[in-house]
Amino acid sequence: MIKIHGLTKRLKDFNIEDIDLDIKEKEYFVILGPTGTGKTVLLELIAGLVCPDRGNIFFNGEELTELPPEERNIGMVYQDYMLFPHLNVKENITFGLKVRGVKREERERALKKIVRLFRIEHLLTRDVKNLSGGEQQRVALARALITAPRILLLDEPLSALDPGTKEQLQENLKELHERLETTTIHITHDFNEALALADRIAIMHNGKIVQTGKPEGIFKQPNSSFVAEFVGVKNIFRGRVLVEGEDKYVELNNGLKIAVITDREGWVNLIVRPEDIFISYEPFLSSARNCFSGEVVNIRNRLSMVELTVDIGVELIVYITGHSLKEMGITRGKRVFVTFKASAVHVF
Amino acid sequence: MIKRAWFQFIFSLLAVLMLIFIAAPIIRLVTGSSPEVIISTVKEKEVYSSILLTFKASLVATLISLLLGIPLAYLLARVDFPGKVLIEGVIDLPVIIPHTAVGIALLMVFGRRFWAGRIFSYLGVDFIGEFNGIVLAMMFVSLPFLVNEVKEGFRGIDIKLERVARSLGASPAQAFFRVALPLNKEHILSGSLMMWARGLSEFGAVVIMAYHPMTAPVLIFERFTSFGLKYSSPVAAIMVLTSLLVFIALRLFNGKEKGIKDD
């Protein structure tokens, strides 16, 4: 539906480089990246508010690159909502219809519909300066959606809010998308937000898209240590691939050898997910090829589980349930065995 | 603590001296003539018509500058181009050139010896010794007050507001007239007020372009050189009082409107 090809823009503080994206109809697409990587500019390029140096944007095969923003019909909601301070809520929402010369009766009809959808009937005559963060967001969304845009661009729509409101509005966004099915591009620096909303995620780093995929895919199989760290993956190690007969290992700097399944050679990164690791007091005889002995150096309570740090020469994070912890009587300083399958090791 | 008290004391003292320096001559001028003299002076046709002329000329100058100055201010606030700093410097030039020199420079462009002046003259617009000339002189020396204030105003408006307007379907002109311009209303108003007030007081450039018809500052000068202090000070007092009254009234009106809006 939206195809972006080789989009490049050089700016003073950062660059957008060679962005390729392919966003499908009705998709909720999240662009995830640290603050200051040019995510807002990417949206402004898509909306036509900033001109690219190079590259093209297509919408259903029609090229948009040279089209001025007012002819693109792409809705944009900025982080701080940018409600027009000299207009009241109703005038803000109907702005897009007014500048398009839509007749009064038609405007009123569209207003009624959108206002009902966002449950903001009671706000219509209010001054936008006196709205709460959540109300402002609803008005900004209503203003953008009343013109039925073909794409909705959301620039960090949840980051200006306190945690409670944020969760609520995140739910609202999800519901809204399920209802209207407007193709949405949402940018954020918060992985959990992306996880909760996205059909697909693109990770942006230094003005480039470094990985695109489904949220679980990115979380389970990050393709670089940047992505892995950014999405909060634990147990990332670096080592060299060793081949011994039919078996392959990655040898870490301290000599620890971890059995893996990979076609890669030389220096690689590997990830062992904390929930894929077993804990036992005796060596665990099984088909799992990795089994190491180590000392429990830290125990931390998380929300739904317990996070153990086991020193096996490197510090390995392991998740177990509180129930297991109690039953096994694990305490700090105890020696345990950790076991995981070679196929559970993600090498990249 | 003691040190801080000294600091406050010395600064307050200096500040008060500065204020006395501004206030004393004005108070002395305004109270220097008896009310009877002031009233009889106001009734002189030459005096009241010159004051009216001054206010009117400055108003016209301000209106023309609004038409030409708002686009300039907007471009300077929104567009980056090479040589922008130079242009911003040019706008400030009228403040530093001696105003008599301004008058002569205007004479050289709008007088009939130069093609620009001849074109206007052909169109029936003359400047030398005319109301139009007074307007030009006032406009030249006071437009920086308007342009700079309006420019700062536009700069203070988040460009994203205009971008949102564009994304909602507004053309560049619609984004300007429906978003940028109304949001800059206060700066435009206060810039106009400053420019108008500055125009009223202009003497140097005006006197060279048009000695007649006589604006109030020229009339004060003429009465001073021909008849002395006694005859010029009532006119000066009247001009100062009128300006003050109008100025305060407009400020109050402006403030009131702002107050209502903030509620």
Side-chain angles (χ1 to χ4, degrees), chain A residues 11-12 40-41 43-51 67-88 91-102 126-130 139-156, chain B residues 66 70 73-85 149-192 253-263:
Chain A
L11 289 162
K12 266 180 235 147
T40 304
V41 179
L43 288 193
E44 289 178 335
L45 285 165
I46 297 172
L49 299 164
V50 173
C51 282
L67 218 58
E70 62 269 27
E71 287 169 33
R72 292 192 187 199
N73 198 14
I74 294 178
M76 172 101 179
V77 176
Y78 278 106
Q79 175 173 359
D80 17 25
Y81 311 126
M82 290 292 147
L83 298 177
F84 303 127
H86 60 302
L87 303 177
N88 69 17
E91 291 162 336
N92 261 280
I93 297 175
T94 53
F95 184 91
L97 299 179
K98 244 183 216 163
V99 294
R100 280 160 212 247
V102 173
R126 289 263 291 277
D127 199 335
V128 295
K129 278 171 238 157
N130 311 324
V139 174
L141 281 167
R143 181 178 66 177
L145 288 169
I146 198 169
T147 58
R150 35 193 183 181
I151 310 163
L152 178 64
L153 307 177
L154 303 174
D155 177 11
E156 300 257 7
Chain B
L66 278 172
I70 289 178
Y74 185 71
L75 289 179
L76 287 172
R78 282 291 183 248
V79 186
D80 276 318
F81 51 87
K84 185 165 151 180
V85 182
E149 176 77 14
V150 174
K151 180 183 74 184
E152 285 315 313
F154 280 129
R155 261 194 199 143
I157 298 169
D158 199 323
I159 195 166
K160 288 188 209 150
L161 285 167
E162 287 162 67
R163 291 191 169 162
V164 163
R166 294 292 303 280
S167 80
L168 290 169
S171 65
Q174 282 176 316
F176 175 78
F177 284 109
R178 285 177 177 271
V179 178
L181 197 64
L183 283 176
N184 202 10
K185 203 175 77 189
E186 273 161 34
H187 285 266
I188 292 172
L189 223 75
S190 75
S192 305
F253 175 71
N254 194 13
K256 213 177 190 176
E257 197 180 48
K258 240 172 28 192
I260 289 165
K261 226 177 109 210
D262 282 345
D263 274 342

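Throughout, a chain's letter reflects where its sequence line sits, starting with A, and its residues are numbered from 1.
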Checklist outcome for this item: dist B:K160:NZ -> A:M76:CE (nearest 0.5 Å) comes out at 8.0 Å
Select one option (side chain, backbone, both, neither) describing which atoms of [X] are under 4.5 Å from chain B's heavy atoms.
X     : value
A:E44 : side chain
A:I74 : backbone
A:F84 : both
A:N73 : neither
A:V77 : neither
A:L87 : neither

Looking only at non-hydrogen atoms, find the nearest pair between [X] and [Y] and report the distance.
X      : Y      : answer
B:L168 : A:V99  : O-CG2, 3.9 Å
A:R143 : B:V164 : NH2-CG1, 3.1 Å
A:P85  : B:L183 : CG-CD2, 3.4 Å
B:A170 : A:E70  : O-CB, 3.3 Å
A:H86  : B:R178 : NE2-O, 2.7 Å

Item to check | Working for side-chain contact (heavy atoms from CB on, under 4.5 Å), residues B:R163 and A:V50 | outcome: CA-CA 9 Å; B:R163 291 191 169 162; A:V50 173; 4.0 Å; yes
Checklist entry - Of the backbone (N, CA, C, O) and the side chain (C-beta and beyond), which part of B:A165 lies under 4.5 Å from a heavy atom of chain A, both, or neither? => result both
Checklist entry - Quick one: does B:S167's side chain get under 4.5 Å of A:R72's, heavy atoms only? => result no
